[in-house]
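Presented below is the structure to which this report refers.
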Amino acid sequence: GENVEQHPSTLSVQEGDSAVIKCTYSDSASNYFPWYKQELGKGPQLIIDIRSNVGEKKDQRIAVTLNKTAKHFSLHITETQPEDSAVYFCAAGGGYQKVTFGTGTKLQVIP
Amino acid sequence: GAVVSQHPSWVICKSGTSVKIECRSLDFQATTMFWYRQFPKQSLMLMATSNEGSKATYEQGVEKDKFLINHASLTLSTLTVTSAHPEDSSFYICSASPSGIGYEQYFGPGTRLTVT
């Protein structure tokens, strides 16, 4: 099955700096790569996703890049704000609609 | 759009009793719903996938007789934890996938189950 690794597990940045979270996956058949933000005590919220026919996607301060050859994808958050503090999960999906989640990154934005 | 609700948001029950958790897609139809379990500071673990009108598909290691899933309509799925024990205490999260839109999933807010 699919295996998704995520780094780093924790990340602290100063407000206004950029944050980068990286994930690798194992199944070359995966073609859907979502990113989720989870605040304490809440369910994950889809913040951005990318499909395998696209190399990069941007939505305001958030961008995701995908390198299918290397089987890795990254989340980039620019101009970080305190409200960006949360746990971020990457995931990879292929057949049967289900996705496999990474282990999560706890992002702390220091004011 | 794409709002998923869960009820209850938290529940405390005694060991040996059963607990039902509801998951509803409020503004879209969900052919497929997923149930996850999450331990503190850990990732989401998929328990089962359910398609409306069909039996749920359970992941390896998940006891189907203990975690009963019913996907009765395109907007409602339920998870019943039967004969709950303290080790079943966890955060249970459902997600729903809009019909015909591939793998996109929208998550509910989760249900905190504590078994005493």
Side-chain angles (χ1 to χ4, degrees), chain A residues 1-11 21 23-25 27 29-54 57 59 64 66 73 86-108, chain B residues 1-7 9-10 21 23-25 28 30-52 54 56-62 90-114:
Chain A
E2 176 65 275
N3 181 46
V4 179
E5 294 188 358
Q6 183 172 347
H7 299 281
S9 57
T10 60
L11 179 60
I21 303 171
C23 289
T24 60
Y25 63 98
D27 189 349
S30 290
N31 56 11
Y32 176 63
F33 307 91
W35 286 88
Y36 296 92
K37 176 184 180 181
Q38 186 177 29
E39 297 177 341
L40 190 63
K42 298 183 179 180
Q45 177 188 8
L46 178 68
I47 56 172
I48 196 168
D49 57 15
I50 191 168
R51 298 183 188 275
S52 62
N53 58 343
V54 177
K57 184 177 179 180
D59 183 4
V64 59
L66 170 65
F73 55 113
V87 178
Y88 291 81
F89 291 98
C90 63
Y96 309 107
Q97 292 186 288
K98 63 181 183 181
V99 295
T100 300
F101 284 81
T103 48
T105 296
K106 183 177 181 180
L107 174 64
Q108 181 184 19
Chain B
V3 180
V4 177
S5 70
Q6 271 183 253
H7 179 80
S9 56
W10 59 271
I21 303 169
C23 176
R24 294 181 185 271
S25 55
F28 65 96
T31 302
T32 305
M33 288 187 171
F34 304 86
W35 286 94
Y36 295 84
R37 184 172 181 178
Q38 187 178 34
F39 292 103
K41 299 184 179 181
Q42 293 191 22
S43 189
L44 286 78
M45 180 186 76
L46 180 65
M47 298 174 65
T49 303
S50 72
N51 290 294
E52 185 263 338
S54 303
T57 301
Y58 291 81
E59 295 299 301
Q60 191 172 9
V62 177
S90 190
F91 193 50
Y92 292 90
I93 310 172
C94 73
S95 71
S97 182
S99 301
I101 307 183
Y103 315 121
E104 293 172 34
Q105 298 180 40
Y106 298 93
F107 284 84
T111 296
R112 173 74 58 192
L113 170 64
T114 301

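Fair warning: this is a prediction, and the values are worked out from it, not measured in the lab. Here is the naming used below: chain letters follow the sequence lines, and residue numbers restart at 1 for every chain.
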To check you understand the geometry: which heavy-atom pair defines the closest contact between L46(A) and Q105(B), and what is its length?
CB-O, 4.4 Å
Heavy-atom pairs under 4.5 Å with chain B: which of G41(A), P44(A), G104(A), G43(A) has the most?
P44(A)
Quick check on Q38(B) against chain A: is it the side chain, the backbone, both or neither that has a heavy atom closer than 4.5 Å?
side chain
Can you name the salt bridge (Lys or Arg N to Asp or Glu O under 4.0 Å) partners of E39(A), sequence neighbours left out?
K37(A), K42(A)
Okay, Q60(B) and chain A: the region with an atom under 4.5 Å from a heavy atom over there is neither
Closest heavy-atom pair, T103(A) versus S43(B), reported as atoms and distance to 0.1 Å, is CA-CB, 4.0 Å
Residue set satisfying side-chain contact (heavy atoms from CB on, under 4.5 Å) with V54(A), at least two apart, ordered chain then number -> I50(A)
Tell me, for F89(A) versus chain B, whether the close heavy atoms (under 4.5 Å) come from the side chain, the backbone, both or neither.
side chain
Looking at NZ of K41(B) and OG1 of T10(A), how far apart are the two atoms once the value is rounded to the nearest 0.5 Å?
11.0 Å
Name the region of P34(A), side chain, backbone, both or neither, that has any atom closer than 4.5 Å to a heavy atom of chain B.
neither
Where is the tightest heavy-atom contact between F91(B) and Q38(A), given as atom of each residue plus distance?
CE2-NE2, 4.0 Å
